[in-house]
Amino acid sequence: MTIPLHGFLQGDTIGLLILAEANDTVRGLASRLQRAASVRVAPRPDDRARVLYRGKPLDPDLTLAHAGIEPLDRFDVIFESE
């Protein structure tokens, strides 16, 4: 099942609509958002990316279904300090 989500990347100026699948991982979602925003924000290492959902960090290995993410939910991708 395709899930449309609102993604906001640290350092970007706009949110993006991202299409994902319920069995995608949280890590994959962060990577997809970075690729979509790459025309405005230089990609950073995926191992530094953290996905926040409802203000809380998610385990990168969870699937979106297990994380409870539903259509049109918002998620944020932030980065650990380097």
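Take Thr2 and apply the side-chain hydrogen bond (donor to acceptor under 3.5 Å, both in side chains) test, not counting sequence neighbours, and it matches Glu21. Not counting sequence neighbours, the partners of Asp47 by the side-chain contact (heavy atoms from CB on, under 4.5 Å) test are Pro45. Checked against salt bridge (charged side-chain N to carboxylate O under 4.0 Å, His left out), Arg40 has the following partners two or more places apart in sequence or in another chain: Asp12. Residues that satisfy the side-chain hydrogen bond (donor to acceptor under 3.5 Å, both in side chains) test with Thr63, not counting sequence neighbours, are His66. In this structure Arg54 satisfies the salt bridge (charged side-chain N to carboxylate O under 4.0 Å, His left out) test with no other residue, sequence neighbours excluded.
Ser31 places no side-chain N or O within 3.5 Å of a backbone atom of Gly28 that could act as its donor or acceptor partner. Panel note: side chain Gln34, backbone Arg44; a donor-acceptor pair is recorded below 3.5 Å.
Through chains of ILVMFWY side-chain contacts below 4.5 Å, Leu64 is grouped with Met1, Ile3, Leu5, Leu9, Ile14, Leu16, Ile18, Val26, Leu29, Leu33, Val41, Val51, Tyr53, Leu58, Leu62, Ile69, Phe75, Val77, Phe79.
Atoms CG and NE2, on Leu17 and His6 in that order, are 6.5 Å from each other to the nearest 0.5 Å. Arg27 contributes atom CZ, which lies 14.5 Å from atom CZ of Arg32 (distance to the nearest 0.5 angstrom). Note that CD of Gln10 is 6.5 Å distant from CD1 of Ile78, once rounded to the nearest 0.5 Å.
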